[in-house]
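Just so we're on the same page: letters track the sequence lines, and every chain starts at 1.
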Amino acid sequence: MIDDLERAIEAMIFASDEPLDARQVAGRLGDQMTPGQVKAIIETIAQRHAGSGIELVERGGHWHFQTPADLAHLLRRERDDPRKLSRAAAEVLAIIAYHEPVSRAEIEAIRGVQTSKGTLDVLMEAEWVMPAGRREVPGRPLIYKTTDAFLQHFGLTSRKDLPGIEDLRAAGLLDPVDLAFEEAMGELDLVKDGEEA
Amino acid sequence: MIDDLERAIEAMIFASDEPLDARQVAGRLGDQMTPGQVKAIIETIAQRHAGSGIELVERGGHWHFQTPADLAHLLRRERDDPRKLSRAAAEVLAIIAYHEPVSRAEIEAIRGVQTSKGTLDVLMEAEWVMPAGRREVPGRPLIYKTTDAFLQHFGLTSRKDLPGIEDLRAAGLLDPVDLAFEEAMGELDLVKDGEEA
Amino acid sequence: MPLDFEIVPAAPEREDALQLSLESWEGPLDLLLALARSQKVDLKQISILALVEQYLTFIAEARELKLEVAADYLVMAAWLAYLKSALLLPKDPLEDPSPDELALRLQLRLQRLAAMRDAAARLLARDRIGRDVFLRAKPEGLRDIKVRRWDASLYDLLAAYGQVKLRAEPVVHMVSRRPVITLDAALHHLQRMLGVKLDWAELADFLPPDYDGPLRRSAIASSFVAALELARQGRVELKQEGAFEPLYLKAAGV
């Protein structure tokens, strides 16, 4: 049987929107008790909850309830949120992979467009890119390189596995993608056939 | 010594900013337990807190911690101003709770006046009432029912806890007037028959 | 409880109080219930006739005082006046519904409204969150934290690099090539065909049949020029009946 005073103090600390000290609790109880007496009761309450899923803790003389730190993982559950890398980010990543180490200004020079800071942040968040010191030129810009996680994700043993420019061209990856042009190519072939006939 | 699972469930319900049901708790624990097993543990926790300054209560299958009502005088502050309901809103709320699901026309038949638009809005804004589909009669009127938040706010474990609902039902006071009228006329006839006999 | 739910002004003792508070009733049924409760008996035992009398008196006095009485109160008054006379007159067994039945219905409605009004009061008197019981003010909350996993394939990477390289290459303007038959091709083709066809043949017959659209037009144009060239060289003869008529050709000296 928990006594009424103890119940009252427990409820008060529970419902309070900020931690309470013994003096505040005594005040709300109409100052029939000294802060010392209140403190003794608070400690009894804390004892009663010890080892449960609820803790009564003191911080700088103020008391509040909280959940034990060792159970934090149950309260904050992590969930995967897969996102597709944007075109811009893929371009920046490719430039870093082919040209590393490379500064942001150099990336922009190669891309021909400004690169937002967010794009590099995304690549660093993905842990595919990391800073690799500074270039010893005026302004000492940060330079970036790819990580081991990058190689792993893309199934590469080393950066040397990246296809060269000629391989890319042969694979058609350097061709302008233009439907009208492709159609014209088809018709030219027809002409050639006609000539041979 | 409180076991780890009990601690975990206690912490979860204590930390949650809304009441949890057994299924939600089981889900967060990685679905190793059935909701039934979880419920048994929750009831153990509720038992442990009974009579203290913090109570674990069930409202519509969801559980939350709250302070006992008998300590209200210590905890009530001037700033605490629970939503004040107009008489009309209180009546409409009671009619929905005791008759649900119920259409606006049925509410008006009981009250004898039109329900102003604001009345239902206030109840829906408080999240005590929600639409529950349409009645399959001509005009397909919307019907309304109460929510879990309604049970929580008014401290009801379930709709069976509505004050006096069994007596009202037994007295036929939840039946429509037409039905009650048929029955009353039947009884009158019986009495007449009795007189004639 | 009074904080939340102020009961209707209970049926007032003094008549003037009744009249002044006309606005505090929500319609005629509400007013009837308040009057019924002033009879201080169970609603089951209420005297409908007395109730009707009270209501009619109330409305009459309100009108005497030139208070605005809403239409639905007057409709109810008219109906109750009819009910009253029907209840007082000798019973006509053929009348349907009978006045007793009408009175019973009114009584049932009043009981139901009273029941819900009591239920509302009991509901609002329960231990309510924020007034009687309190929750944790600042719970930690249960959080689902989304961990972003970026996804891209090697193909995406290489295709992106290809695009960068293309953009970076010096811009080369390429006039898109239309499907054409060159003069050389037409000459070559015509000469071979002339070796096969011996008699006069229309120029169009020298064209491969599967040429159509712009390609056919190009073939006609270049074949025509080729025919003129061959005629200039004396290797082909041309004839045409008139302007825009078909052009015929055959190998010279055959």
ask   = Highest number of heavy-atom pairs under 4.5 Å with chain C: which of Val92(B), Asp178(B), Asp17(B), Leu173(B)?
value = Leu173(B)
request  = Using a 4.5 Å cut-off on heavy atoms from C-beta on, say whether the side chain of Leu168(B) contacts that of Met116(C).
outcome  = yes
request  = Could you have a look at Met12(B), Glu55(B), Glu18(B) and say which one has the most heavy-atom pairs with chain C under 4.5 angstrom?
outcome  = Met12(B)
Electrostatic pair Arg112(C):Asp175(B) at N-O distance under 4.0 angstrom = no
task = Counting only heavy atoms closer than 4.5 Å, note whether Leu20(B) contacts chain C via side chain, backbone, both or neither.
result = side chain
Nearest heavy atoms of Ala15(B) and Pro139(C), plus distance in Å = O-CB, 3.3 Å
ask   = Atom CD of Glu140(C) and atom CZ of Phe14(B): how far apart are they, to the nearest 0.5 Å?
value = 7.0 Å
inquiry  = Please check if the number of heavy atoms outside Arg104(B) that lie under 6.0 Å from its CZ is greater than 12.
reply    = yes
ask   = So, Arg111(B) and Asp30(C), do they make that salt bridge, N to O below 4.0 Å?
value = no
ask   = Taking everything shown except Glu127(B) itself, do over 12 heavy atoms lie less than 6.0 Å from its CD?
value = no
inquiry  = Rounded at 0.5 Å granularity, tell me how far CD1 in Ile54(B) sits from CZ in Phe134(C).
reply    = 14.5 Å
query = If you take all heavy atoms of Ala90(B) and Ala120(C), which pair is closest and at what distance?
reply = O-CB, 3.5 Å
ask   = Non-hydrogen atoms of chain C under 4.5 Å away: do they reach the side chain of Ala171(B), the backbone, both or neither?
value = neither
query = To the nearest 0.5 Å, how far apart are CD in Glu91(B) and CZ in Arg117(C)?
reply = 4.0 Å
key: Ile110(B) vs Arg109(C) side-chain heavy atoms within contact, under 4.5 Å   = no
ask   = About how many Å separate CG of Leu135(C) and CZ of Phe65(B), when rounded to the nearest 0.5 Å?
value = 12.0 Å
task = Mark yes when over 12 heavy atoms from residues, nucleotides or ligands other than Gln114(B) sit less than 6.0 Å from its CD; otherwise mark no.
result = no
ask   = Does Arg126(C) make a cation-pi contact with Phe154(B), if we ask for NZ or CZ under 6.0 Å from the ring centre and within 45° of the axis?
value = no
query = With only heavy atoms counted, which part of His73(B) is less than 4.5 Å from chain C, the side chain, the backbone, both or neither?
reply = neither
request  = Give, as side chain, backbone, both or neither, the part of Gln107(C) having an atom under 4.5 angstrom from any heavy atom of chain B.
outcome  = neither
ask   = Taking C-beta and beyond as the side chain, do Arg136(C) and Thr67(B) meet within less than 4.5 Å on heavy atoms?
value = no
query = Do Pro163(B) and Leu123(C) touch side chain to side chain, with heavy atoms closer than 4.5 Å?
reply = yes
ask   = Which distance, rounded to the nearest 0.5 Å, do you find between the CD of Glu26(C) and the OG of Ser86(B)?
value = 7.0 Å
message = Counting only non-hydrogen atoms closer than 4.5 Å, does Leu162(B) touch chain C with its backbone (N, CA, C, O), its side chain (CB onward), both, or neither?
response = side chain
inquiry  = Counting C-beta onward and ignoring hydrogens, is there a side-chain heavy-atom pair between Leu29(C) and Val113(B) closer than 4.5 Å?
reply    = no
query = Can you tell which of Val133(C), Asp127(C), Leu108(C) has the highest number of heavy-atom pairs within less than 4.5 Å of chain B?
reply = Val133(C)
key: Arg131(C) backbone acceptor or donor facing Arg76(B) side chain under 3.5 Å   = yes
